[in-house]
Every structure is written in structure tokens, then in C-alpha cells.
J.: 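Structure below; questions to follow.
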Amino acid sequence: MRAVIQRVSEASVTVDGNITGSIKNGLLVFIGIEDADTMEDIEWLSGKIVNLRIFNDNNGVMNINIKDIDGGILLVSQFTLQASTKKGNRPSYIKASKPEIAIPLYENMIVQLEKDLGKKIGTGVFGADMKVRLLNDGPVTIWFDTKQKE
């Protein structure tokens, strides 16, 4: 499972002209799922996301997490995070899970994030053509791969 986390002042997802999820201060999380992903990956990644200390404390130091600021999370599925660019100029998405595998994992990620955060999160619509708006704060952008755990 791969994720790109962006600290945002605001973010929203629109599908067919309708906003499906939006947050103010918080984290926009793009997630790419592969067949080898498990609940262990979901639990590890969710724990990292909600405990990641990338928000400024009173001294302007990135030292507090999303729970400390009572921020929101907006989760967006993005199969292109599983792209391989090893050969040629056209990315291969062979590693990205098909919907029958990815959707249940995506839904489990929503449940786990809500459990770890202690409140509902915003989401996009799996597999939809989504328009994502965001105001990156910092900018702060962090990348995770649960298979590398760096």
C-alpha cells in the first residue's frame, strides 16, 4: 500500500459536480492499493497517518499530530500511486489491485482511520473521475510504502 499525505488548510473532492468529501485544516491522503496488501498494512499505515507529527506547535515546530489539532482527514483512492515507470515512458499499473480486491481494503482503511482518529473522515468515490482541490500548507508532503516501512 502506498500513500501520499499532504498537510492542507483545506481540501475537497468533487464527483460529477457534487462534493463527496471536504475538510478544513488536516490531511489529504491519496492511497494506492496492491494485491499483497493486508489488514496489517492498513493498521500500520493508519497509525502512522494519525500519529505523524507534522503540524506546528506553539513554537512553530512540526511537533504535533492531526488529533492534537482536531483536524480532518480526506482519503482518496489513487491507483496511479502503484505505477511502475521502469520501462519506457508509459507507466504500467499492473501492480494496482482490481476493484474486487481494492474496494474492500479501501473501505477497511476508512474504518481504521475513523477508529484511530476518533471521528468520521471525508472520502472520494472509489474508481470515479474525481476532481481534487487542495491548499497545501507548508508545503508538507510525505510518502509511505507499507512494504518498505521507511
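Here, residue 1 is the first one in the sequence, and each next residue gets the next number. All values below were derived from every heavy atom in this structure, side-chain atoms included, with hydrogens, water molecules and symmetry-related copies excluded.
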J.: Give the minimum heavy-atom separation between Ser77 and Gly127, together with the two atoms involved.
T.: OG-N, 3.9 Å
J.: For the residue pair Leu45 and Ala3, what are the closest heavy atoms and their distance?
T.: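 Smallest heavy-atom distance, with atoms named: CD2-CB, 3.9 Å.
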J.: So, taking the atom named CG in Leu52 and the one named CE in Met62, what distance separates them when rounded to the nearest 0.5 Å?
T.: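 Interatomic distance, Leu52 CG to Met62 CE, rounded to 0.5 Å: 9.0 Å.
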J.: Can you name the closest pair of heavy atoms from Ile5 and Phe144 and give their distance?
T.: CD1-CD1, 3.1 Å
J.: Short question: side chain of Tyr106, backbone of Ile31 - any donor-acceptor pair under 3.5 Å?
T.: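 Absent.
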J.: Establish whether Trp44 and Val111 are linked, either directly or via other cluster members, by ILVMFWY side-chain heavy-atom contacts under 4.5 Å.
T.: no
J.: What I want to find out is whether Lys98 reaches Asp35 closely enough, with some N-O distance under 4.0 Å, to be called a salt bridge.
T.: no
J.: Find out whether Thr14 and Arg133 are in side-chain contact, i.e. whether some heavy atom of one side chain is under 4.5 Å from a heavy atom of the other.
T.: no
J.: May I have all residue pairs that pass ring-ring contact (aromatic ring centres under 6.0 Å, His included) and include part of residues 62-87, sequence neighbours excluded?
T.: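 ring-ring contact (aromatic ring centres under 6.0 Å, His included) check on residues 62-87 returns Phe79-Tyr93.
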J.: When you look at CD of Glu100, are more than 12 heavy atoms from neighbouring residues, nucleotides or ligands closer to it than 6.0 Å?
T.: yes
J.: How about Gln112 and Asp116: does a side-chain donor come under 3.5 Å of a side-chain acceptor?
T.: yes
J.: Closer than 3.5 angstrom, by distance alone: can the side chain of Thr123 be matched with the main-chain N or O of Thr20 as a donor-acceptor pair?
T.: no
J.: Measure across Gly21 and Leu74 and return the closest heavy-atom pair with its distance rounded to 0.1 Å.
T.: C-CD1, 3.8 Å
J.: Within the 4.5 Å heavy-atom criterion, are Met1 and Thr38 side-chain neighbours or not?
T.: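 They are not in contact (no side-chain heavy atoms under 4.5 Å apart), so the answer is no.
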J.: Rounded to the nearest 0.5 Å, what's the gap from CZ on Phe55 to CG on Asn63? Could you check?
T.: 13.0 Å
J.: Which pair of heavy atoms, one from Asn51 and one from Gly47, lies closest together, and at what distance?
T.: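 Residues Asn51 and Gly47, closest heavy atoms: ND2-O, 2.8 Å.
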J.: Does atom NZ of Lys67 have more than 12 heavy-atom neighbours, drawn from other residues, nucleotides or ligands, at distances under 6.0 Å?
T.: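 Yes.
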J.: Can you check side chain to side chain contact (heavy atoms under 4.5 Å, CB included) on Asn65 and Val50, steps first, answer last?
T.: CA-CA 7 Å; Asn65 64 41; Val50 300; over 6 Å; no
J.: Taking Lys119 for the side chain and Asp70 for the main chain, is one N or O donor matched with an acceptor at less than 3.5 Å?
T.: yes
J.: Quick one: do Met39 and Leu75 end up in the same hydrophobic cluster if we chain Ile, Leu, Val, Met, Phe, Trp and Tyr together by side-chain heavy atoms under 4.5 Å apart?
T.: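 Same hydrophobic cluster.
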J.: Could you tell me whether a side-chain N or O of Arg7 sits under 3.5 Å from a main-chain N or O of Asp137, the two making a donor and an acceptor?
T.: yes
J.: Measuring from Ser22:OG to Leu28:CG, what's the distance to the nearest 0.5 Å?
T.: 11.5 Å
J.: Side-chain contact test, heavy atoms from C-beta onward, threshold under 4.5 Å: evaluate it for Met109 versus Ile49 and give yes or no.
T.: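 A side-chain contact under 4.5 Å exists here.
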J.: Hey, quick one: are Leu135 and Val140 part of the same hydrophobic cluster, counting side-chain heavy atoms closer than 4.5 Å, chains of contacts allowed?
T.: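 In one cluster with Leu135: Val140, no.
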J.: To the nearest 0.5 Å, what is the distance between NZ (Lys24) and OG (Ser12)?
T.: 9.0 Å
J.: Backbone N or O of Val61 within a donor-acceptor pair of the Asn59 side chain at under 3.5 Å?
T.: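 Side chain of Asn59 to backbone of Val61: no pair is present.
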J.: Output the distance between atom CE (Met130) and atom CD (Gln78), rounded to the nearest 0.5 Å.
T.: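 Atom-to-atom, Met130:CE and Gln78:CD are 8.0 Å apart.
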J.: Are Val8 and Trp143 connected into the same hydrophobic cluster when the rule is that any two of I, L, V, M, F, W, Y join if their side-chain heavy atoms are below 4.5 Å apart?
T.: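 Same cluster: Trp143 reaches Val8 through Ile, Leu, Val, Met, Phe, Trp or Tyr contacts under 4.5 Å.
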J.: To the closest 0.5 Å, what do you measure between CD1 (Ile23) and CG (Asn25)?
T.: 8.0 Å
J.: Within a 6.0 Å radius of atom NZ on Lys147, are there more than 12 heavy atoms belonging to other residues, nucleotides or ligands?
T.: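 For Lys147, atom NZ is crowded (more than 12 foreign heavy atoms under 6.0 Å).
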J.: For side chain to side chain contact (heavy atoms under 4.5 Å, CB included), just list the numbers for Ile54 and Leu27, CA-CA rounded to whole Å, side-chain angles, deciding distance to a tenth of an Å, and then say yes or no.
T.: CA-CA 10 Å; Ile54 59 171; Leu27 298 173; 3.7 Å; yes
J.: Can you name the closest pair of heavy atoms from Val13 and Gly124 and give their distance?
T.: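 The answer is CG1-CA, 3.8 Å.
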J.: I'd like to know if Ile69 and Leu113 are part of one continuous hydrophobic network [Ile/Leu/Val/Met/Phe/Trp/Tyr, side-chain heavy atoms within less than 4.5 Å].
T.: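 In one cluster with Leu113: Ile69, yes.
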J.: Could you give me the CA-CA distance, side-chain angles and deciding distance for Leu105 and Ile42, then say whether side chain to side chain contact (heavy atoms under 4.5 Å, CB included) is met?
T.: CA-CA 8 Å; Leu105 290 168; Ile42 289 168; 3.8 Å; yes
J.: Does any N or O in the side chain of Gln82 come within less than 3.5 Å of the main-chain N or O of Lys95, such that one atom is a donor and the other an acceptor?
T.: no
